[in-house]
Amino acid sequence: MPPEVSTHQSAEDLRNNDILIWVDGHLRPKAEATVSVYDSGFMLGDGIWEGLRLYDGRWAFLDDHMDRLFEAAKAIDLDIGLDRAGVIAALEDTRRANDMTTDAHARLMITRGVKVRPFQHPSLSQSGPTMVIIMEHSKPSIPRPINLATVPHQRGLPMTQDPKLNSHSKLNCILACIAAQKAGADEALMLDVHGFVNTTNACNFFIVRKGAVWTSTGDYCMNGITRQKVIDVCRADGIPVFERNYSLVDTYGADEAFLTGTFGAQTPVGTIDGRAIGSGQLGPVTTRIRGLYKALVEAA
């Protein structure tokens, strides 16, 4: 069994050595794509981001991603400096410059920009936002189901840092992942503030019990686009799907479990806290959902 597996593991692609990266309107080679040490994102994690997948020349669910990006910007009072058409044009410029047509992943990052002094007050960011687009040839290559370990780190209440916000401040999730790896797992299963199963450090989480799909209420997890598309295709195809509170007891007894995210779409879970989930392999309901999701991407 490979010693390290993650939900974002991709096949090696030497073309990524020569990619051009968008930095504030300029396309730069990887070694020259830098931002200031005074940048708000580097200094304080003050920024937002989106991950997007390119399939057959089209960005999957682009409108949903733009909705989420601009909603997050409004939530943190960040002026992106571009409208939706401008952001999409930057994505397309980067795609064309790198001659990418499919199996590519973009990480679009926008911070509050360069500070005049190294302190947190947002008024110190006076030069406008910093925008970076990293686009790589990226085909998922996850050699086995993901093994999870439950950790003490929670996806918390919205009055601290709303877990729905796709922000640069990911330390809580990173610490959760480290705790899971220390326990011998690949990634972390995180509970909500009431002790119900919620999400992983990197992806949204689903289980299957007796043919029905369960996921969290959504109150404490990332506002996942792939998560919602899975719920949508289940409803459209007659698969019972529930957004509900459920416990680790329910989870350990599940027939299948899988993760959702823009990169991996639907990734099977093998074990949780050392307990095999069902057969420990990709299950029939997850396989069916994968097919429905693929058809949705192709039709979009």
Side-chain angles (χ1 to χ4, degrees), residues 8 19-28 30 32-53 59 61-91 93-94 105-136 138 153 155-177 199 201-204 220-226 261-263:
H8 295 99
I19 57 171
L20 296 173
I21 296 172
W22 173 285
V23 183
D24 289 337
H26 302 281
L27 287 158
R28 303 189 185 282
K30 184 185 291 190
E32 299 171 21
T34 59
V35 297
S36 170
V37 294
Y38 276 77
D39 189 82
S40 301
F42 172 78
M43 193 173 287
L44 295 161
D46 182 6
I48 53 175
W49 62 276
E50 282 292 321
L52 301 97
R53 290 292 295 177
W59 296 104
F61 314 120
L62 180 59
D63 284 342
D64 298 278
H65 283 284
M66 290 299 102
D67 286 347
R68 188 169 67 178
L69 178 72
F70 279 86
E71 184 177 71
K74 186 174 183 179
I76 69 168
D77 198 28
L78 170 61
D79 181 1
I80 290 176
L82 295 171
D83 60 12
R84 290 169 71 105
V87 173
I88 293 169
L91 275 169
D93 286 349
T94 309
H105 194 84
R107 191 173 184 98
L108 190 161
M109 298 168 281
I110 305 171
T111 77
R112 207 174 300 276
V114 177
K115 289 184 169 293
V116 295
R117 297 179 65 207
F119 303 108
Q120 76 173 40
H121 202 284
S123 67
L124 297 172
S125 300
Q126 298 176 4
S127 59
T130 298
M131 179 170 162
V132 174
I133 303 173
I134 300 174
M135 201 172 292
E136 294 185 332
S138 180
H153 307 77
R155 297 288 283 189
L157 292 165
M159 72 278 284
T160 53
Q161 182 174 313
D162 195 325
K164 291 182 172 65
L165 188 63
N166 219 10
S167 79
H168 279 213
S169 304
K170 302 294 289 184
L171 184 59
N172 183 46
C173 292
I174 293 167
L175 291 174
C177 188
T199 181
N201 57 275
C203 298
N204 281 307
Y220 303 100
C221 70
M222 167 53 60
N223 181 23
I225 291 168
T226 309
T262 298
F263 176 80

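Residues: numbered from 1 along the sequence shown. Just so you know, these numbers use all the heavy atoms, side chains as well, and skip hydrogens, waters and symmetry mates.
Between atom CD1 of residue I48 and atom CD of residue E71 there is a gap of 10.5 Å, rounded to the nearest 0.5 Å.
In this structure, H105 and F263 have perpendicular ring planes: the angle between them is above 60°, well past the 30° mark.
Annotation: side chain of V87 is in contact with side chain of M131 (closest heavy-atom distance under 4.5 Å). In this structure, T111 and V35 have side chains that are not in contact, with every pair of non-hydrogen atoms separated by 4.5 Å or more. Under the 4.5 Å side-chain criterion, counting only non-hydrogen atoms from C-beta, C173 is not in contact with H153. H65 places none of its side-chain heavy atoms less than 4.5 Å from the side chain of L108. Between M66 and L69 the shortest side-chain heavy-atom distance falls below 4.5 Å. A heavy-atom distance below 4.5 Å is found between the side chains of M43 and P118. Side-chain contact between M135 and L91 is present, with at least one heavy-atom pair separated by less than 4.5 Å. Between L78 and D46 the shortest side-chain heavy-atom distance does not fall below 4.5 Å.
Between M222 and R155 the shortest heavy-atom distance is N-NH2, 3.6 Å. I133 and T94 get closest at one heavy-atom pair: CD1-OG1, 4.0 Å.
Residues meeting the ring pair (Phe, Tyr, Trp, His ring centres under 6.0 Å) test with Y220, sequence neighbours left out: H194.
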* Between D63 and R84, is a side chain to side chain contact (heavy atoms under 4.5 Å, CB included) present by the stated rule, with each step listed? -> CA-CA 9 Å; D63 284 342; R84 290 169 71 105; 3.7 Å; yes
